[in-house]
Amino acid sequence: MIKRIRLVLAAVLTAVSAVVALAAPSAAADTAVPPSSAGQRWALKVNGYYVTVYAGPDGDMKLRANPDAAEAKGWELFTLHTDYVAEEKRYGTTVSFRSEATGNYVTAEDDASGALLRTRGTTTGSWERFKLTPLSGGAFGLLAHNGKYVAAELGSYPDYGLLRARTSVSDPADLGSWERFTLEQIGPEGAYTANMPAPTAQAPRARDVVSWNVCANNNPDPDCDLEYAPPATVADDVSAALHAAMGTRRPDAIFFQEICEKSAKPLELKLEGWAGPLDVRFMPTYYKVATASDGTVVRAQKNCSDGTDHVDRGAFGIALAVPDSNTWYQGTVLPSPSGKEQRPMLCAVVPAEGSAYCNAHFSSGPYIDSTGKLAGDDTDPNNLFRPKQAAKMRESVDTLTAGGYTTYYGGDLNTATKDVGYLDRLYPDHQECGQPTPTSPHTGAATDGGNKIDYIFGPQGRTYACRVVDGGLSDHKMINLTTS
């Protein structure tokens, strides 16, 4: 019978604190998870104790309930991920925990290894997937691949408080206090600094902004050359295509959609080779994986499929390249249809030039897929989410404008010209680069097949030009706004 931790005596706590010395994070660990990611961080708690990744003398990376952790930081932080489960033919049914300190995923090992939980999974598979079972009091049971629940157990050093997946119950309500886990959100969603700085200069009239859906995950469209491409390949090819399209000009900002998290930093380095110092930030797409009994919604980042080299490519989402004087950005999960991708928006300010930029990827409207079936996320005509997403984007834009910034915004808004009314909230006091004047029709060259669904907006009072350039690599063309 499993012995559960009973940390009730001060003497026991003192003994544990004397012998359970957690290893300090190394410089390598600090960079294990791409620092450019705006994904939500979480802590895992059991019976009031934070769960810690314990490096140990042999580097075994075991998980344990830690009586000495007064707050969650470093070794207590995780990002949550969800991948495609073939048996259920969808995302969002399971969650994987990626350690902020090591960059690896939590694995529930086999019974021969004591069903230990360790952070040494380099990709997500069945052993890295857990189902969250809602329990009373806002807690969850963590159901592992072996059909058993995770518990924190009593033992002697160095096995004190280890997490193991070996509790069997017929009714999850029977799980005890050391099998009931809570998830604590750490820090605001997508924001690395609490307060937006004020601009220190007035925005120039001349701006050069690009948006491009680079189709770099697992889209089988024959035009998507970067399907399953490793990060280095994405960085090389996307940078080269943009350089060829821009010629001698240098972009002030670039909006990317459908890109993998671990491509952001390599792409930044490649772009800097010709476009000057840039900061490339990433914001993930989410799925809702569970709702706790106290109403807490748990969202996990949609993972990219592994690359052709079978290496993890991190989460799937959008990226924003701005001058590296940027010190503030804000990631937002847009209102999205239930059970579908929870779509991202990412904004950044550049105080030294008085400009702000927002990139988004809206929910897909109805379309016929390769099998002839109706597909898409935003398909209920009586409850459309793209107008709600446009309203949320405009809310952020208005906040940036009120803060003194001149704002440019857009991305893959998944809305064809015939439905452009869905985007009405984005037009007042602004115009998109397909409009020569603010009163011109909402038209423009096609960016995806025969449809225009990619947009860039800027302030009125400028002279606008708009190019649509086929950069290859993707089923989307890049759209390029220039103002003077």
Side-chain angles (χ1 to χ4, degrees), residues 28 30-39 79 98 103 122-123 208-219 221 223-285 301-324 326 329 331 344 346 348 357 359 361 411-412 454 469-480:
D30 289 340
T31 59
V33 174
S36 58
S37 176
T79 53
R98 188 178 69 181
T122 56
T123 61
D208 203 325
V209 182
V210 179
S211 181
W212 194 15
N213 181 320
V214 295
C215 191
N217 183 22
N218 60 355
N219 191 329
D221 189 300
D223 290 329
C224 292
D225 294 347
L226 298 175
E227 182 186 17
Y228 303 115
T233 301
V234 172
D236 288 344
D237 292 358
V238 169
S239 176
L242 282 164
H243 195 186
M246 298 298 292
T248 59
R249 299 181 2 253
R250 300 294 177 260
D252 296 296
I254 310 171
F255 306 163
F256 296 103
Q257 303 87 41
E258 294 195 21
I259 193 166
C260 298
E261 176 189 20
K262 293 186 178 180
S263 295
K265 191 64 177 181
L267 180 56
E268 174 185 302
L269 298 175
K270 284 295 180 180
L271 291 171
E272 286 183 332
W274 61 271
L278 291 172
D279 183 24
V280 177
R281 306 275 184 167
F282 175 85
M283 176 68 186
T285 297
Q301 303 176 37
K302 175 185 176 181
N303 256 21
C304 280
S305 300
D306 293 347
T308 52
D309 54 2
H310 307 293
V311 174
D312 175 67
R313 297 189 293 166
F316 169 83
I318 63 176
L320 176 59
V322 295
D324 69 359
N326 163 58
Y329 63 97
L346 184 61
Y357 304 94
N359 173 30
H361 191 184
D412 179 354
D454 300 270
V469 182
D470 188 355
L473 304 179
S474 173
D475 56 348
H476 284 245
K477 297 180 178 67
M478 63 182 76
I479 185 170
N480 179 202

How long is the gap from [atom1] on [X] to [atom2] on [Y], to the nearest 0.5 Å?
{"X": "Asp221", "Y": "Glu227", "atom1": "CG", "atom2": "CD", "value": "9.0 Å"}
{"X": "Asp279", "Y": "Glu272", "atom1": "CG", "atom2": "CD", "value": "8.5 Å"}
{"X": "Asp306", "Y": "Cys260", "atom1": "CG", "atom2": "SG", "value": "10.0 Å"}
{"X": "Leu242", "Y": "Met478", "atom1": "CG", "atom2": "CE", "value": "4.5 Å"}
{"X": "Asp412", "Y": "His476", "atom1": "CG", "atom2": "NE2", "value": "4.5 Å"}
{"X": "Leu320", "Y": "Phe256", "atom1": "CG", "atom2": "CZ", "value": "9.0 Å"}

For residues [X] and [Y], report the shortest heavy-atom separation together with the two atoms involved.
{"X": "Asn326", "Y": "Ala348", "answer": "OD1-CB, 3.9 Å"}
{"X": "Glu268", "Y": "Val280", "answer": "OE1-N, 2.9 Å"}
{"X": "Ile259", "Y": "Ala216", "answer": "CA-CB, 4.5 Å"}
{"X": "Cys304", "Y": "Ala315", "answer": "SG-O, 3.5 Å"}

**Message:** Donor-acceptor check, side chain of Ser474 to backbone of Asn213, threshold 3.5 angstrom: yes or no?
**Reply:**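 Answer holds: yes.
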**Message:** Tell me if a side-chain donor or acceptor on Arg98 pairs with a main-chain N or O of Gly314 at a distance below 3.5 Å.
**Reply:**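 Pair absent, no side-chain N/O of Arg98 close to backbone of Gly314.
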**Asked** Under 4.0 Å between a Lys/Arg side-chain N and an Asp/Glu carboxylate O for Lys270 and Asp236?
**Response**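 Salt bridge present between Lys270 and Asp236.
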State, yes or no, whether a side-chain contact exists between [X] and [Y] at a heavy-atom distance under 4.5 Å.
{"X": "Thr79", "Y": "Gln301", "answer": "yes"}
{"X": "Tyr357", "Y": "Asp252", "answer": "yes"}
{"X": "Arg313", "Y": "Asn217", "answer": "yes"}
{"X": "Thr308", "Y": "Pro230", "answer": "yes"}
{"X": "Leu473", "Y": "Trp212", "answer": "yes"}
{"X": "Asp225", "Y": "Asp237", "answer": "no"}
{"X": "Gln257", "Y": "Asp454", "answer": "yes"}
{"X": "Ile254", "Y": "Val210", "answer": "yes"}

**side-chain contact (heavy atoms from CB on, under 4.5 Å) evaluation trace for Leu346 with Arg281** = CA-CA 8 Å; Leu346 184 61; Arg281 306 275 184 167; 3.8 Å; yes
**Request:** Mind running side-chain contact (heavy atoms from CB on, under 4.5 Å) on Asn303 and Thr123 for me, showing each step along the way?
**Result:** CA-CA 10 Å; Asn303 256 21; Thr123 61; over 6 Å; no
**Prompt:** Taking it one step at a time, do Phe255 and Val209 satisfy side-chain contact (heavy atoms from CB on, under 4.5 Å)?
**Reply:** CA-CA 8 Å; Phe255 306 163; Val209 182; 3.9 Å; yes
**Prompt:** Going through the distances and angles, do Met246 and Asn480 end up as a side-chain contact (heavy atoms from CB on, under 4.5 Å)?
**Reply:** CA-CA 9 Å; Met246 298 298 292; Asn480 179 202; 4.1 Å; yes
**Message:** Can you classify the ring geometry of His243 versus Trp274 as parallel (below 30°), tilted (30 to 60°) or perpendicular (above 60°)?
**Reply:**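 Parallel.
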